[in-house]
Participant: 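One structure, as structure tokens, below. Some questions next.
In what follows, chains carry the letters A, B, and so on, assigned in the order in which the sequence lines appear, proteins first and then strands, with residues in each chain numbered from 1.
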Amino acid sequence: MEKVRVRFAPSPTGPLHIGGARSALFNYLFARRFGGQFIVRVEDTDLERSSRASEADILDALEWLGITWDEGVRVGGPHAPYRQTERLASYQQAAAELVAKGWAYRCYCSEAELEKEREACIAQGLDPRYGGRCRELTPAAEAAFQAAGRRPVIRFKVPDEGNVVVDDLVRGEVAFDCAGIGDFVIVKSDGIPTYNFAVVMDDVSMGITHVIRGEEHLSNTPRQLLIYEALSLPKPRFAHVSLILGKDRSKMSKRHGATAVAQYRSKGYLPEALVNFLALLGWSPGDEEEVFSLAQLSERFSLDRVAKNPAVFDLDKLNWLNGVYIRQAAPERIAELAAPFLVQAGYLQEPLDAGARAKVALIAAAVQEKIEYVAQVTDYAPLFFGEKVAFASEAEKAVLAGEQVPAVLAAFVRQVDRAEELSPAGVKSLLKAVTKETKQKGGRVFMPIRVALTGQQHGPDLQYLIPALGRELVFARVKNAAEQVGIEL
RNA sequence: GGCCCGUUGGUCAAGUGGUCUAAGACACCGCCCUUUCACGGCGGUUACAGGGGUUCGAAUCCCCUACGGGUCACCA
């Protein structure tokens, strides 16, 4: 079998979004699975909307996800350059050949004229399609247009009848009637090729064997197939993956929430969680496992398990999966990711000194079991900063009204004062000592301490909470809480 | 509107003519575990879009309808 070569070919008109990331992922996984090559090419022929900033965002997002490529922008390769605007010369010859063979022709219609034609079609209830007016221009007529300063586009001459069949790896054979396809532009009036043309030429010259892309391209495929045939070029296999939808089942867009990969990154999602989640959107392993690393996915991915139906993006499930990865992650990693959120929320100042770093590490340890994405650390931050205790409600004050509470708090303060260091393990035995000393059952000891420390009846384990607070804050909060409910210590 | 694709629980999905009184996961509910919450464990509610065929037998094959989506650019 010939060596698999696939590509992800984004147009740099915005950040990498969820759908694009999944397309890139599927290509990457397919290449890895079959020992092939994965190429990243930039389709920047839309000069108006393309930008280097978007290109950088897309490439950065791919790298962050761990989706690496063997050839392409940034890494180079034997088919460089990998930006279409840098490959312009290579399209000209093919376009000329198409014209010479009668497969394409110059069209001088202005935008206004085309618009008028379109409206006329719609008014008559016909398909709004180019009618082929310039198909048989005489040399004299062309000269006249040229003299008038009109710059032509080049259009592909679509046969009036016949079928084009797309043999799709996920959807099977899909037939399109040529009569339904108008003569489409392959080179714009400024000499830049359009997508449908450039994509064919590049896929051929880069030796692409499989084109795996979103379903929105399915109806473009017959146009591309026509070009392959006109030029007798070897065709790749096609696989069109269905779209990712928002909660209301329409195509995922901004009003559905975060659509850019970078947005998930900045909220503290882990790349391996996003990759895992995306892989499961439209593909399934077939068994009951569903937590997979990129490497594991690379061993299992195949196109025949890709679903035909579109999938709704379910944030709840992403959150759950991300939580799984956060719990598995090294605490230091979570601490490092958490620090910027605490700085941004004003709890800490850059640069972080050793004490601040240690505190962040303890906070991260305390919340790692609870959060679904790292930005949520700020939800818990008030628990760890400040001397004041704000009671969540009267119920919390009631907890401190228990008759055993003064003795418990006094014993607790004494134990903390006596402790050499407040490590999780140290705190655990210290709390045990309080229980012993006061002869109280667990809940009657731990809950008052928790409430005195945080004003709440739930939260992180005390063995993590107390070290993160540190001795000073522990004393201050206990004192503060005691005063508020009128307890003498 | 034309063409194309799709339709299993709220969501992701397994399922390719009998083993389907339809798997698993998320979410939800309940119970257990636990010094709280979370985690974890156990259990539960909820689905083959509708209608016609074909067949001894259909979630699985065919047709129609409905609904959803994509596409019809000098955007990709």
Participant: Tell me which nucleotide among B/C26, B/C5, B/G6 gets nearest to the side chain of A/Trp320.
Facilitator: B/C26
Participant: Rounding to the closest angstrom, what is the interatomic distance between B/U46 and B/A27 at atom C1'?
Facilitator: 12 Å
Participant: Rounded to the nearest Å, what distance is computed from the CD atom of residue A/Glu396 to the P atom of nucleotide B/U35?
Facilitator: 20 Å
Participant: Which is true for A/Arg327 with a 4.0 Å heavy-atom rule: it touches a base, it touches only sugar-phosphate, or it touches nothing?
Facilitator: sugar-phosphate
Participant: With a 4.0 Å cut-off on heavy atoms, is A/Gly459 in touch with a base, just the backbone sugar-phosphate, or nothing at all?
Facilitator: base
Participant: Would one find a side-chain N or O of A/Thr45 under 4.0 angstrom from OP1 or OP2 of B/C75?
Facilitator: no
Participant: Strictly below 4.0 Å: does A/Ser284 bring a side-chain N or O up to OP1 or OP2 of B/A14?
Facilitator: yes
Participant: Taking B/A13 as the reference, what is the distance to B/C72 when you measure between their C1' atoms (whole Å, please)?
Facilitator: 33 Å
Participant: Could you give me the CA-CA distance, side-chain angles and deciding distance for A/Phe8 and A/Phe38, then say whether ring-ring contact (aromatic ring centres under 6.0 Å, His included) is met?
Facilitator: CA-CA 8 Å; A/Phe8 175 56; A/Phe38 176 52; 7.2 Å; no
Participant: Mind checking if A/Arg450 touches a base, just sugar-phosphate, or nothing, with heavy atoms under 4.0 Å?
Facilitator: base
Participant: Charged N to carboxylate O below 4.0 Å: is that the case for A/Asp167 and A/Lys235?
Facilitator: no
Participant: Given B/U11, B/C4, B/C12, which nucleotide is nearest the side-chain atoms of A/Leu218?
Facilitator: B/C4
Participant: Considering the options A/Gln84, A/Arg223, A/Glu43, which one meets the side-chain contact (heavy atoms from CB on, under 4.5 Å) requirement together with A/Tyr195?
Facilitator: A/Glu43
Participant: Classify A/Cys178 by what it touches in the nucleic acid, base, sugar-phosphate, or nothing, heavy-atom distance under 4.0 Å.
Facilitator: nothing
Participant: Between atom CG in A/Asn309 and atom P in B/C48, what is the gap in whole Å?
Facilitator: 16 Å
Participant: From NZ of A/Lys308 over to C1' of B/U60, roughly how many Å is that when rounded to an integer?
Facilitator: 12 Å
Participant: May I have the distance from A/Gln84 (atom CD) to B/A76 (atom C1'), rounded to whole angstrom?
Facilitator: 9 Å
Participant: Hunt down the Watson-Crick or G-U wobble partner of B/C3, both distances under 3.5 Å, from any strand shown, or write none.
Facilitator: B/G70
Participant: Please classify the nucleic acid contact of A/Lys441 as base, sugar-phosphate, or nothing, using heavy-atom distances under 4.0 Å.
Facilitator: nothing
Participant: By nearest atom, which of the nucleotides B/U36, B/G70, B/C3 is closest to the A/Leu243 side chain?
Facilitator: B/G70
Participant: Could you tell me whether A/Arg171 contacts a base, only the sugar-phosphate backbone, or nothing, with contacts defined as non-hydrogen atoms closer than 4.0 Å?
Facilitator: sugar-phosphate
Participant: Quote, to the nearest angstrom, the P distance that separates B/U11 from B/C48.
Facilitator: 13 Å
Participant: Out of B/C75, B/C12, B/C74, which nucleotide sits closest to the side chain of A/Arg155?
Facilitator: B/C74
Participant: Using atom C1' in both nucleotides, what's the gap between B/A22 and B/G9 to the nearest angstrom?
Facilitator: 11 Å
Participant: Classify A/Val185 by what it touches in the nucleic acid, base, sugar-phosphate, or nothing, heavy-atom distance under 4.0 Å.
Facilitator: sugar-phosphate
Participant: How far, in whole Å, is B/U71 from B/C63 if one measures between their C1' atoms?
Facilitator: 26 Å
Participant: Taking only residues two or more places apart in sequence or in another chain, which ones pass salt bridge (Lys or Arg N to Asp or Glu O under 4.0 Å) with A/Asp44?
Facilitator: none
Participant: What nucleic acid atoms does A/His217 come within less than 4.0 Å of, heavy atoms only: base, sugar-phosphate, or nothing?
Facilitator: base
Participant: Of A/Ala307 and A/Val170, whose closest RNA chain B nucleotide lies nearer the 5' terminus?
Facilitator: A/Val170
Participant: So what's B/U16 paired with, Watson-Crick or G-U wobble, going by both distances under 3.5 Å?
Facilitator: none
Participant: Can you tell which of B/C72, B/G69, B/U35 lies closest to the side chain of A/Glu215?
Facilitator: B/G69
Participant: By the 4.0 Å heavy-atom rule, please label A/Arg305 as base, sugar-phosphate, or nothing.
Facilitator: sugar-phosphate
Participant: Which residue, A/Ile371 or A/Ala175, contacts RNA chain B at a nucleotide closer to its 5' end, judged by nearest heavy atom?
Facilitator: A/Ala175
Participant: Any strand counts, and the cut-off is 3.5 Å on both contacts for Watson-Crick or G-U wobble. Which nucleotide pairs with B/C26?
Facilitator: B/G10
Participant: Side chains of A/Gln224 and A/Thr221 only: does a donor on one sit below 3.5 Å from an acceptor on the other?
Facilitator: no
Participant: Looking only at the side chain of A/Lys188 (C-beta and beyond, no hydrogens), which of the listed nucleotides B/U71, B/C26, B/C75 gets closest?
Facilitator: B/C75
Participant: Just the rounded figure in Å: distance from C1' of B/U11 to CG of A/Asp248.
Facilitator: 13 Å
Participant: Which value, rounded to the nearest 0.5 Å, describes the distance between A/Glu142 atom CD and A/Cys107 atom SG?
Facilitator: 10.0 Å
Participant: With rounding to the closest Å, how many angstrom separate the C1' atoms on B/U7 and B/A59?
Facilitator: 12 Å
Participant: Determine the contact category for A/Asn220: base if any of its heavy atoms lies under 4.0 Å from a base atom, sugar-phosphate if only primed atoms, P, OP1 or OP2 are that close, otherwise nothing.
Facilitator: base
Participant: Can you check the distance between B/U45 and B/U34, where both ends of the measurement are the P atom (answer in whole Å)?
Facilitator: 28 Å
Participant: Distance between the P atoms of B/C31 and B/U8, in whole angstroms?
Facilitator: 33 Å
Participant: Tell me which nucleotide, if any, is Watson-Crick or G-U wobble paired with B/U46 when both distances must be under 3.5 Å.
Facilitator: none
Participant: Quick check for you: among B/C74, B/A27, B/C75, whose closest atom lies nearest to any side-chain atom of A/Asp316?
Facilitator: B/A27
Participant: Which is true for A/Ser189 with a 4.0 Å heavy-atom rule: it touches a base, it touches only sugar-phosphate, or it touches nothing?
Facilitator: base
Participant: Got a salt bridge between A/Glu113 and A/Lys116, using NZ or NE/NH1/NH2 to carboxylate O under 4.0 Å?
Facilitator: no
Participant: For a quick check of understanding: with a heavy-atom distance under 4.0 Å over all strands, which category does A/Gly282 fall into, base, sugar-phosphate or nothing?
Facilitator: sugar-phosphate
Participant: May I have the distance from A/Tyr195 (atom OH) to B/C75 (atom P), rounded to whole angstrom?
Facilitator: 14 Å
Participant: Distance check needed: B/C26 P versus A/Glu372 CD, whole Å only.
Facilitator: 12 Å
Participant: Nearest-Å distance, CZ (A/Arg249) to P (B/C5)?
Facilitator: 19 Å
Participant: Is it possible for you to check whether A/Arg133 lies under 6.0 Å from the centre of the six-membered ring of A/Tyr130, through NZ or CZ, and within 45° of that ring's axis?
Facilitator: no
Participant: Scan A/Thr435 against the nucleic acid and name what it touches under 4.0 Å (heavy atoms): base, sugar-phosphate only, or nothing.
Facilitator: nothing
Participant: Please work out if A/Ala9 contacts a base, only the sugar-phosphate, or nothing of the nucleic acid, heavy-atom cut-off 4.0 Å.
Facilitator: nothing
Participant: Between A/Asp203 and A/Arg213 (salt bridge meaning N to carboxylate O under 4.0 Å), is one present in this structure?
Facilitator: no
